[in-house]
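Worksheet for the structure shown next.
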Amino acid sequence: MKQKLFYTLVLAMIVSTAAFSQATLKIGYADVDYIFSEMPEARQVEKELEAHSKQIQNRLEAKYNDYQQRVQNYEKEAQGMLPEVREDVERELMQLQRDIQKFQQDAQGSIQRKQGELMQPIYEKVGKNIEEVAKENNYTYILSTGVGGLDVILYADQDNDISDLVLKKMGITPTAGN
């Protein structure tokens with residue numbers, strides 16, 4: 001009988017603890033894309049990435065124009081070339097084409113690395129401020145409205161959106177309408 005009473009009390013304590021912990025659970029969410037769009041630093045990073053991409057694009061265009069010019073010259077002069085010379089020029093043109101393809105691949109990697117390098121401090125700043133706002137407002141969890149273009153939150157009460165609070169914490173005045 002004592003054992004049954006003991007187990008009943010333990011079960012009651014577990015249920016009441018679970019009920020109490022659920023009552024204090026507070027979940028909020030943040031629209032990180034919106035936060036980034038309001039940050040001057042993120043806009044500056046976007047400009048720097050555009051400049052970096054433009055610089056790479058210009059170099060790629062120069063390489064491609066050089067290749068095109070060499071192909072045109074080859075097509076004009078191919079009939080009069082010795083077979084050995086023609087083979088050498090063809091090998092050279094194929095190597096140029098491979099070099100252009102490698103440059104394109106390297107350029108994509110370069111842009112991704114540059115983006116990561118420039119965005120890392122912004123990610124850290126936003127993360128730190130989300131954490132501070134969550135603690136100040138007693139949130140247990142903060143979710144993101146989307147990850148990789150997919151909605152994570154299918155419904156949320158606007159009262160639990162901390163995006164503007166995070167912006168204010170960073171000293172940024174949110175634009176009207178959000």
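The hydrophobic clustering, which links ILVMFWY residues whose side-chain heavy atoms are closer than 4.5 Å, places V71 and M94 apart.
The shortest heavy-atom contact between Q95 and R98 is OE1-NH2, 2.8 Å. In terms of heavy-atom proximity, A30 sits nearest to I35 at CB-CD1, 4.2 Å.
Partners of L49 under the side-chain contact (heavy atoms from CB on, under 4.5 Å) rule, at least two apart in sequence or in another chain, are V45, K114, Q115, L118. Annotation: side-chain hydrogen bond (donor to acceptor under 3.5 Å, both in side chains) contacts of Q101 (sequence neighbours excluded): none. Residues meeting the side-chain contact (heavy atoms from CB on, under 4.5 Å) test with E61, sequence neighbours left out: Q57, N58. By the salt bridge (Lys or Arg N to Asp or Glu O under 4.0 Å) test, E48 is found to be paired with no residue, residues two or more places apart in sequence or in another chain being considered. Every residue two or more places apart in sequence or in another chain that forms a side-chain contact (heavy atoms from CB on, under 4.5 Å) with E90 is listed here: Y74, R86. The salt bridge (Lys or Arg N to Asp or Glu O under 4.0 Å) check on E87 picks up nothing, with sequence neighbours excluded. Every residue two or more places apart in sequence or in another chain was checked for a salt bridge (Lys or Arg N to Asp or Glu O under 4.0 Å) with D99, and none qualifies. By the side-chain hydrogen bond (donor to acceptor under 3.5 Å, both in side chains) test, N129 is found to be paired with no residue, residues two or more places apart in sequence or in another chain being considered. For E92, the salt bridge (Lys or Arg N to Asp or Glu O under 4.0 Å) criterion is met by R70, not counting sequence neighbours. Applying the side-chain contact (heavy atoms from CB on, under 4.5 Å) criterion to S53, with sequence neighbours excluded, gives I111.
Proximity of I172 to P40: side-chain heavy atoms (C-beta onward) are separated by under 4.5 Å at one or more points.
Within the structure, the ring pair (Phe, Tyr, Trp, His ring centres under 6.0 Å) test picks out the following pairs touching residues 96-139 (sequence neighbours left out): F36-Y123. For the salt bridge (charged side-chain N to carboxylate O under 4.0 Å, His left out) condition, the pairs that include at least one residue of residues 118-141, sequence neighbours left out, are E41-K125, K128-E132, E131-K135, E132-K169, E136-K169.
In this structure, L96 CG and K63 NZ are separated by 8.5 Å, a value rounded to the nearest 0.5 Å. From Q108, atom CD reaches atom CG of D106 across 9.5 Å, with rounding to the nearest 0.5 Å. Of the inter-residue distances, the one linking D33 atom CG with S37 atom OG reads 8.0 Å to the nearest 0.5 angstrom. Separating the OH atom in Y64 from the CD atom in Q97 is a distance of 9.0 Å, to the nearest 0.5 Å. Rounding to the nearest 0.5 angstrom, the gap separating the CG atom in L25 from the OG1 atom in T140 is 4.5 Å.
With a 6.0 Å radius and a threshold of 12 heavy atoms from other residues, nucleotides or ligands, R43 has its CZ atom above the threshold.
Counting only distance, with no hydrogens or angles, the side chain of E38 and the backbone of T175 share a donor-acceptor pair below 3.5 Å. Counting only distance, with no hydrogens or angles, the side chain of K168 and the backbone of P174 share no donor-acceptor pair below 3.5 Å. The closest donor-acceptor contact from the side chain of S163 to the backbone of D31 lies under 3.5 Å.
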Using the rule given for side chain to side chain contact (heavy atoms under 4.5 Å, CB included), can you reason through V32 versus T145, listing the C-alpha separation, both sets of side-chain angles and the distance that settles it, and then say yes or no?
CA-CA 7 Å; V32 178; T145 55; over 6 Å; no
Is there a side chain to side chain contact (heavy atoms under 4.5 Å, CB included) between I162 and L165? Walk through the geometry before answering.
CA-CA 5 Å; I162 66 162; L165 293 174; 4.3 Å; yes
